[in-house]
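Report on one structure; see the data block that follows.
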Protein chains: 2
Amino acid sequence: MELRHLRYFVAVAETGSFTQAAAQRLHTAQPSLSRQIRDLEDMLQVPLIIRGPRNLSLTPAGQVFLEHARIVLAQVDAAILATRRAHRPAKTRFTVGFLTGHEIG
Amino acid sequence: MELRHLRYFVAVAETGSFTQAAAQRLHTAQPSLSRQIRDLEDMLQVPLIIRGPRNLSLTPAGQVFLEHARIVLAQVDAAILATRRAHRPAKTRFTVGFLTGHEIG
DNA sequence: TGGCCTTACGTATGACGTAAGGATG
DNA sequence: CATCCTTACGTCATACGTAAGGCCA
């Protein structure tokens with residue numbers, strides 16, 4: 001499993017459509033998206049989405065996975081921010097400089 | 001960024017060696033691992049590891065990223081467990097069946 | 001039959017392995 | 001010169017796009 005699967009699944013769940021998610025949010029083709037979601041379900045060995053001809057819905061397991069996936073993706077963003085902040089503490093310079101008096105980045 | 005990058009980085013950080021991480025934990029070749037870590041640092045635009053000839057150490061930003069990466073990976077595992085449990089609630093069957101009286105999975 | 005998802009298939013990006021190179025004690 | 005990491009390069013897995021095929025109102 002990779003973050004791509006989480007991003008794709010969240011997009012499908014939130015737009016309620018493979019077509020919408022692919023075109024508007026992921027900028028990819030539907031078949032690729034469909035395949036990745038299928039792969040995700042195969043990995044988990046759990047169906048996440050109930051495909052209807054006109055609309056789709058999440059299984060109970062799909063709703064659980066959606067909540068977790070959102071948290072994971074949010075924490076990845078937080079990790080990036082925190083890491084960059086640790087490297088380049090521009091707006092909190094005193095937290096680095098008040099001891100040694102010199103800058104790192 | 002993908003989960004692979006987090007897995008690789010954590011393995012390197014915890015073993016303290018590209019060689020050890022590749023052979024013992026990741027079962028891959030060092031050059032591939034080296035490249036993925038480099039890609040990760042390029043994405044973040046933050047150096048994470050200080051390469052020494054005999055040993056390596058983490059930058060402050062690397063330590064921050066390590067903590068976050070561990071959390072993310074742990075939550076992915078938790079997501080998988082929770083999702084499978086939601087699909088196949090064997091040990092808490094009454095939470096599904098006590099209303100409708102029928103089983104899903 | 002029109003919209004939506006899936007299957008089939010060819011392409012291409014990139015992850016990986018092998019080999020060679022550079023650096024350090 | 002022994003060890004570790006990096007660079008170079010060819011190969012292969014697989015993610016992606018296009019086209020065709022169901023399925024259901």
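Computed over heavy atoms, backbone and side chain alike; hydrogens, waters and symmetry mates excluded.
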Can you tell me the distance, in whole Å, between the [atom1] atom of [X] and the [atom2] atom of [N]?
| X | N | atom1 | atom2 | answer |
| --- | --- | --- | --- | --- |
| A:Arg4 | C:dT13 | CZ | P | 16 Å |
| A:Gln30 | C:dG3 | CD | C1' | 11 Å |
| B:Glu2 | C:dG14 | CD | C1' | 12 Å |
| A:Gln36 | C:dC5 | CD | P | 16 Å |
| B:Arg35 | C:dC16 | CZ | P | 11 Å |
| B:His5 | C:dG14 | NE2 | C1' | 10 Å |
| A:Asp42 | C:dT6 | CG | C1' | 13 Å |

Might you point out which heavy atoms bring [X] and [Y] nearest each other, and give the distance in Å?
| X | Y | result |
| --- | --- | --- |
| A:Tyr8 | A:Ile37 | C-CD1, 3.9 Å |
| B:Arg4 | A:Glu2 | N-OE1, 3.0 Å |
| A:Val64 | B:Ala86 | CG2-CB, 3.7 Å |
| B:Phe18 | B:Leu33 | O-CD2, 3.4 Å |
| A:Ala29 | A:Ala22 | C-CB, 4.1 Å |
| B:Gln75 | A:Ile71 | OE1-CG2, 2.9 Å |

For A:Glu67, salt bridge (Lys or Arg N to Asp or Glu O under 4.0 Å) partners two or more places apart: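 Once residues adjacent in sequence are excluded, A:Glu67 has no partner under the salt bridge (Lys or Arg N to Asp or Glu O under 4.0 Å) criterion.
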A:Arg70 with A:Glu14: basic N within carboxylate O range, under 4.0 Å: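 Looking at A:Glu14 together with A:Arg70, the answer is yes, because their closest N to O distance falls below 4.0 Å.
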Axial bend angle, the helix from C:dT1-D:dA25 to C:dG25-D:dC1: five-pair end segments, nearest 10°: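 Both end axes considered, the difference amounts to 30°.
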Which pairs with one or both residues in residues 32-44 of chain B pass salt bridge (charged side-chain N to carboxylate O under 4.0 Å, His left out), sequence neighbours excluded?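 Checked against salt bridge (charged side-chain N to carboxylate O under 4.0 Å, His left out) - neighbours excluded - the pairs reaching residues 32-44 of chain B are B:Arg35-B:Asp39, B:Glu41-B:Arg51.
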Go through B:Leu3 and B:Val72 one step at a time and tell me if the side chain to side chain contact (heavy atoms under 4.5 Å, CB included) criterion holds. CA-CA 9 Å; B:Leu3 290 175; B:Val72 168; 4.0 Å; yes
Mind running side chain to side chain contact (heavy atoms under 4.5 Å, CB included) on A:Leu58 and A:Phe9 for me, showing each step along the way? CA-CA 10 Å; A:Leu58 299 185; A:Phe9 175 73; 4.0 Å; yes
Treating primed atoms plus P, OP1 and OP2 as sugar-phosphate and everything else as base, which nucleotides of nucleotides 20-25 of chain C get B, S or - for protein heavy atoms under 4.0 Å? ----S-
Looking at A:Thr59 and A:Leu48, would you say the former's side chain and the latter's main chain have a donor-acceptor pair under 3.5 Å?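 At least one qualifying donor-acceptor pair exists.
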Please list, by residue number, the residues of residues 15-26 of chain A whose heavy atoms come closer than 4.0 Å to an atom of DNA chain D; answer none if no residue qualifies.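 Output list: empty, so none.
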Evaluate the criterion side chain to side chain contact (heavy atoms under 4.5 Å, CB included) for residue pair B:Leu44 and B:Met1; output intermediate values, then yes/no. CA-CA 9 Å; B:Leu44 292 170; B:Met1 185 184 305; 3.7 Å; yes
Could you list where the contact with chain B starts and ends along DNA chain D, reading 5' to 3', using a 4.0 Å heavy-atom cut-off?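 Contact boundaries, 5' end first: D:dT3 to D:dT7.
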